[in-house]
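Input: a single structure, listed below in structure tokens.
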Protein chains: 2
Amino acid sequence: MLGRMSRGTIREVLPRRDIIHEGVDPGAVRLILEGWACRYKSLPDGRRQTLAFFIPGDLCDPHVYLLRKMDHSIGAITHLKYAEIGRAQMDAMTERYPRISQAIHWNELVSASIQREWILNMGQRNAHEHLAHLMVELFHRLRAVGLTSGATCPFPLTQNDLADATGLTCVHVNRVMLDLRHDGLVEIDHRELRIPDLARLEKAALFNPAYLHLDHEGAELDERSMLPANLSTS
Amino acid sequence: MLGRMSRGTIREVLPRRDIIHEGVDPGAVRLILEGWACRYKSLPDGRRQTLAFFIPGDLCDPHVYLLRKMDHSIGAITHLKYAEIGRAQMDAMTERYPRISQAIHWNELVSASIQREWILNMGQRNAHEHLAHLMVELFHRLRAVGLTSGATCPFPLTQNDLADATGLTCVHVNRVMLDLRHDGLVEIDHRELRIPDLARLEKAALFNPAYLHLDHEGAELDERSMLPANLSTS
DNA sequence: CGGGTAATTGACCCGGGTCAACAGCAGTGG
DNA sequence: CCACTGCTGTTGACCCGGGTCAATTACCCG
């Protein structure tokens, strides 16, 4: 439904362009349809930290109602297609279909849980564990929206992106990724990631899937059902 | 209102005891009335990371509705007094007073924003900036609920707590705190923190208050109004 | 006074950062 | 078709912020 109602306001942006910048009123909720984006913050001297990755089916900042000033920015990683759903439109929709509002809230809670895991990543996991964890997480999330095929999934992130997300240097990311590849934990080729043995990578990452809350009640309302593929058949 | 309706289920716990543990159903929302607590996660090998500090007026995990399994634990730091508000009670309340539900949602969003700033802290700020930032943040939050007096606020955190929260070692926390004290940025004595020159500390921390969203609309419904002091007068 | 927690200190080490160069490759314009 | 440009990945040499280990010194409280 989200998709259908917003059919009039599909937007596209080029890779590496910002969608919204810190400080402005988001004005609308954005539903990623195709491509990857990220949430990030930076310090006045240029240091930059990625806070989250968005994949198709994700909502950027569904809190338009309450926070009128972005406390971070959102940028496209790949070529990106997203639906922009204005505040009024959103109100009308959630009033008509209360379960949508619940689904959105659920989405926010899972995002917050992922953010917490990221804090654990940065504070306690070392570079190898951290990068392995990030790849496992993305693989699970992509699989949940049907974007994996077998042990393979799209992986448009550069080593620089990985550095921004982990707080490491891209030089060190490079070394660690070489290690992980030499250990046969991952294979990356042409922006595709293959995980030959997921269980082994998860072990190396100290991965515990609980925080993704993939087992929730009301799964029919989650990100999956917001994807165009599902929407077009309804 | 939150306070009054929950008058029947005030609980107290000793310092350093857990309130809820990862994996269990929270069953209720908890409103901190007195003392400090923290949210934390740990890895199987014992590494531990604090994800957030709770001060009076904060809600722990207001998402009882949707997530039935804690993905982290909550522990008391000091002697703690909190109100436990059951799911049914909560439903009744939010149905009667929709603005409470909004206030809770707002609270969640601010918590998420703080979590994001913590990711920035861990990824980009160095030890000095990080610790300075943490103290500035806590000072602002305490002031927002009327728990500061002048340049002073309660500060029950041990250097070990600071280490858990920043991902540093307590040895290094010790050294950095000595530096900050020698630089006249903070004074700590008898579990009290004094900030002689807030602006200077903020500068050292690269602090930007925007993420705390202290300027929101509907301030009358925020944490402040949930404190017993205010409730008793209504 | 005794036991436990919290703070402090010193010597030494290592994960990851810095700097600088270079290689591979895609896109672009001539 | 090729030279040029720019981004991404890779590598080496060296450095430093923060970690590790192990004492020692306040405190605090019964």
Side-chain angles (χ1 to χ4, degrees), chain A residues 14-17 36 43 45-50 75-79 121-135 154-182 186-193 204, chain B residues 14-17 36 43 45-50 75-79 121-135 154-182 186-193 204:
Chain A
L14 294 175
R16 309 292 159 185
R17 287 268 190 285
W36 289 34
L43 292 177
D45 60 10
R47 281 177 274 176
R48 171 189 170 116
Q49 177 68 44
T50 294
I77 288 175
T78 64
H79 180 94
N121 279 340
M122 313 212 65
Q124 304 301 326
R125 281 188 246 256
N126 63 31
H128 287 77
E129 293 162 349
H130 194 166
L131 282 166
H133 194 277
L134 181 54
M135 287 184 287
F155 198 75
L157 303 180
T158 66
Q159 295 187 346
N160 225 310
D161 293 327
L162 292 173
D164 283 347
T166 53
L168 301 166
T169 314
C170 64
V171 175
H172 198 62
V173 166
N174 180 274
R175 293 186 179 139
V176 172
M177 293 300 288
L178 286 177
D179 286 349
L180 295 178
R181 266 150 43 191
H182 287 153
V186 300
E187 295 164 23
I188 297 188
D189 196 43
H190 287 285
R191 311 284 136 183
E192 277 229 328
L193 166 67
Chain B
L14 294 174
R16 308 293 160 186
R17 288 269 191 282
W36 290 34
L43 292 176
D45 60 11
R47 279 175 276 176
R48 171 189 171 116
Q49 176 67 45
T50 294
I77 288 175
T78 63
H79 179 93
N121 279 340
M122 313 212 65
Q124 304 301 326
R125 281 190 247 256
N126 64 29
H128 287 76
E129 293 162 348
H130 192 166
L131 282 167
H133 194 276
L134 181 54
M135 288 184 286
F155 198 74
L157 303 179
T158 66
Q159 294 187 348
N160 225 309
D161 293 327
L162 292 173
D164 284 346
T166 52
L168 301 166
T169 315
C170 63
V171 175
H172 198 63
V173 166
N174 180 273
R175 291 186 181 139
V176 173
M177 292 300 287
L178 285 177
D179 285 349
L180 295 179
R181 267 151 42 192
H182 287 154
V186 299
E187 294 164 24
I188 296 186
D189 196 44
H190 287 287
R191 312 283 137 185
E192 278 229 328
L193 166 67

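In the text below, chain A, chain B and the rest are named by the order of the sequence lines, each starting its count at 1.
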(message) I'd like to know whether A/L134 forms a side-chain contact (heavy atoms from CB on, under 4.5 Å) with A/N121, so could you lay out the CA-CA distance, the side-chain angles of the two residues, the decisive distance to 0.1 Å, and finally the verdict.
(response) CA-CA 9 Å; A/L134 181 54; A/N121 279 340; 5.8 Å; no

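In this structure A/D189 satisfies the side chain to side chain donor-acceptor pair (under 3.5 Å) test with no other residue, sequence neighbours excluded. For A/E187, the salt bridge (charged side-chain N to carboxylate O under 4.0 Å, His left out) criterion is met by A/R194, not counting sequence neighbours.
The separation between B/I77 atom CD1 and C/dA6 atom C1' is 15 Å, rounded to whole Å. For the pair B/R191 CZ and D/dC29 C1', the computed distance is 14 Å after rounding to whole Å. For the pair B/D179 CG and C/dT8 P, the interatomic distance rounds to 12 Å; values are reported in whole Å. The distance from atom CG of A/D189 to atom P of D/dT8 is 17 Å, rounded to the nearest whole Å. At whole-Å resolution of the value, CG in A/L162 and C1' in D/dT10 are 15 Å apart. Atom CG of B/N160 is separated from atom P of C/dG4 by 17 Å (rounded to the nearest Å). Look at CZ on A/F155: it is 14 Å from C1' on D/dT8, rounded to the nearest Å. Going from atom CG of A/N174 over to atom C1' of C/dG24 covers 13 Å, rounded to whole Å.
One N or O on the side chain of B/Q49 and one on the backbone of B/A165 form a donor-acceptor pair closer than 3.5 Å.
Counting any heavy atom pair closer than 4.0 Å across all strands shown, B/H190 reaches sugar-phosphate atoms only and no base atom.
Counting only residues at least two apart or on different chains, the salt bridge (Lys or Arg N to Asp or Glu O under 4.0 Å) pairs with a member in residues 157-169 of chain A are A/R16-A/D161, A/R48-A/D164.
Annotation: the terminal axes of the helix from C/dC1-D/dG30 to C/dG30-D/dC1 meet at 40°, where each axis is the rotation carrying the C1' atoms of four end pairs onto the next four (5 pairs per end, rounded to 10°).
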(message) Treating primed atoms plus P, OP1 and OP2 as sugar-phosphate and everything else as base, which nucleotides of nucleotides 15-20 of chain C get B, S or - for protein heavy atoms under 4.0 Å?
(response) -BBBB-

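Rounding to the nearest 0.5 angstrom, the gap separating the CG atom in B/L157 from the OG1 atom in B/T78 is 9.5 Å. Within the model, atoms CG of B/D45 and CD of A/Q124 stand 9.0 Å from one another, a figure rounded to the nearest 0.5 Å. Residue B/E192 holds its CD atom at 11.5 Å from CZ of B/F155, rounded to the nearest 0.5 Å.
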Please tabulate, one pair per line, all N/O donor-acceptor pairs under 3.5 Å involving side-chain atoms of residues 168-182 of chain A, not counting sequence neighbours.
residue : atom : partner : partner atom : Å
A/N174  : ND2  : A/Q159  : OE1          : 2.9
A/D179  : OD2  : A/H128  : NE2          : 2.8
A/H182  : ND1  : A/L178  : O            : 3.4

